[in-house]
Student: 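First the structure, then my questions, so here it is.
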Amino acid sequence: MEVRLDEPWPTTVAEAVALQERLRHRVSAVDSRPGPVRTVAGVDVAYDRDSSRIAAAVVVLDYTTLEVVQTSTALSTATFPYEPGLFAFRELPAVVEALRGLSVDPDLLVCDGHGLAHPRRFGLACHLGVLTGIPTFGVAKTVFIGEFAPPATRRGSWSPLIVDTDVVGAALRTRSGVKPVFVSVGHRISLDTAREHTLTLCTQYRLPETTRQADRLSRTTLIEHTGPDGSGAT
DNA sequence: GCGACAG
DNA sequence: ATCTTGTCGC
């Protein structure tokens, strides 16, 4: 698929923050997709020991059967350092490259991280959504910002993730008796819809099949090209 | 000023 | 994210 970057990718913290402040206003937290979701894609990135090499993977699944429709990967180098709140600048370049390898545009994107549940309301999921224009949401394993009451222990139970007076996401129990995940809007989707999709995608494990598949593919791709020890021999 | 801090 | 053994519990 086609993904345009328009501007040079930020290289400093100041530039990155400025870009987030400028793009945050483009985010829509309203459902925009007319028809049914046919395909959903998960994206993730794996790093080697010293983060010198990274591998991004995108796995497109049939939304109904959850079977793999297509995959794409991209090998790259981490340029931006890990900085809480600026996660997108570290991972998205490789993710965009992988997305460009797809011959079909997914109907929905699922990120491994937060969207609106971010200090400037512009986490990884929002950024990717704005770049692609595709409905996107994030499912994170841990909280970043916000407070929440522990949801009931039953699968499907949830409680709002709140910052000040804003609901920025949801703590959702995807498996009974298991730690909740944190769902938040990325772009062109509502929190309710994102939550429902998350449950649909969590058939057997705490995390959505999309991120599990993408996680696995990014990891194996990295090892195939850099070796289990990061020697680069293969 | 001191921690906390997606992956 | 990644480095890592055993261990508690269903």
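Note on naming: letters A, B, ... go to the chains in the order of the sequence lines (proteins, then strands), and numbering restarts at 1 for each one. Predicted model only: the values in this text are computed from it and were never measured.
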Student: Which residues in residues 192-221 of chain A have at least one heavy atom lying under 4.0 Å from any atom of DNA chain B?
Tutor: none
Student: According to a 3.5 Å limit on both distances, what stems of 3 or more consecutive Watson-Crick or G-U pairs are formed with DNA chain B?
Tutor: none
Student: Go through the side-chain N and O atoms of Glu97(A) and Ser76(A) and say whether any donor and acceptor fall under 3.5 Å apart.
Tutor: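 There is no such pair (donor and acceptor under 3.5 Å, judged by atom type) between the side chains of Glu97(A) and Ser76(A).
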Student: Just wondering, do Val110(A) and Val43(A) contact through their side chains at under 4.5 Å, heavy atoms?
Tutor: no
Student: Only one of Ile134(A), Val104(A), Val96(A), Val58(A) clears side-chain contact (heavy atoms from CB on, under 4.5 Å) with Met1(A); which?
Tutor: Ile134(A)
Student: Arg22(A): which residues meet the salt bridge (Lys or Arg N to Asp or Glu O under 4.0 Å) condition with it, sequence neighbours left out?
Tutor: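 If we apply the salt bridge (Lys or Arg N to Asp or Glu O under 4.0 Å) test to Arg22(A), skipping adjacent residues, the hits are Glu7(A).
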Student: Spell out protein contact along nucleotides 1-7 of chain B as letters: B when the base is contacted, S when just the sugar-phosphate is, - when no protein heavy atom is under 4.0 Å; keep the 5' to 3' order.
Tutor: ----SBB
Student: Transitive ILVMFWY cluster of Val163(A) at side-chain heavy atoms under 4.5 Å: who else is in it?
Tutor: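 Hydrophobic cluster check, Val163(A): joined to Val143(A), Phe144(A), Ile145(A), Phe148(A), Leu161(A), Val168(A), Phe182(A).
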Student: I'd like to know if the side chain of Arg173(A) reaches the main chain of Arg154(A), judged simply by a donor and an acceptor atom lying under 3.5 Å from each other, with no hydrogens or angles considered.
Tutor: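 No.
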Student: Check the side chains of Asp44(A) and Thr211(A) for a donor-acceptor pair under 3.5 angstrom, ignoring hydrogens and angles.
Tutor: no
Student: Does the side chain of Thr221(A) pick up a donor-acceptor pair with the side chain of Ser218(A) at under 3.5 Å?
Tutor: no
Student: Assign a letter to each nucleotide of nucleotides 4-10 of chain C from its 5' end: B, base within under 4.0 Å of a protein heavy atom; S, sugar-phosphate only; -, no contact.
Tutor: -------
Student: Going by ring-ring contact (aromatic ring centres under 6.0 Å, His included), name the pairs with one or both residues in residues 151-176 of chain A, residues two or more places apart or in two chains.
Tutor: none
Student: Can you list the steps and then say if Thr39(A) with Asp62(A) is a side-chain contact (heavy atoms from CB on, under 4.5 Å)?
Tutor: CA-CA 5 Å; Thr39(A) 58; Asp62(A) 178 295; 5.7 Å; no
Student: What residues form a salt bridge (Lys or Arg N to Asp or Glu O under 4.0 Å) with Asp112(A), not counting sequence neighbours?
Tutor: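 Asp112(A) satisfies salt bridge (Lys or Arg N to Asp or Glu O under 4.0 Å) with Lys141(A) once adjacent residues are dropped.
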Student: With pairs taken as Watson-Crick or G-U wobble and both distances under 3.5 angstrom, which stems of at least three consecutive pairs involve DNA chain C?
Tutor: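 DNA chain C stems: none present.
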Student: State which residues pass side-chain contact (heavy atoms from CB on, under 4.5 Å) with Val178(A); sequence neighbours excluded, sorted by chain then number.
Tutor: Arg175(A), Arg206(A)
Student: Quick one: Asp50(A) CG to dA1(C) C1', roughly how many Å, whole number?
Tutor: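 To the nearest whole Å, that distance equals 12 Å.
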Student: Could you go through residues 81-92 of chain A and list every donor-acceptor pair under 3.5 Å that involves a side-chain atom there, pairing it with any protein atom two or more places apart or in another chain?
Tutor:
residue	atom	partner	partner atom	Å
Arg90(A)	NH1	Phe80(A)	O	2.9
Arg90(A)	NH2	Ser51(A)	OG	3.0
Glu91(A)	OE2	Tyr47(A)	OH	3.0

Student: Show every side chain to side chain donor-acceptor pair (under 3.5 Å) that has at least one partner inside residues 120-130 of chain A, sequence neighbours left out.
Tutor: Gln20(A)-Arg120(A)
Student: I want to know whether Tyr63(A) and His197(A) have ring centres closer than 6.0 Å.
Tutor: yes
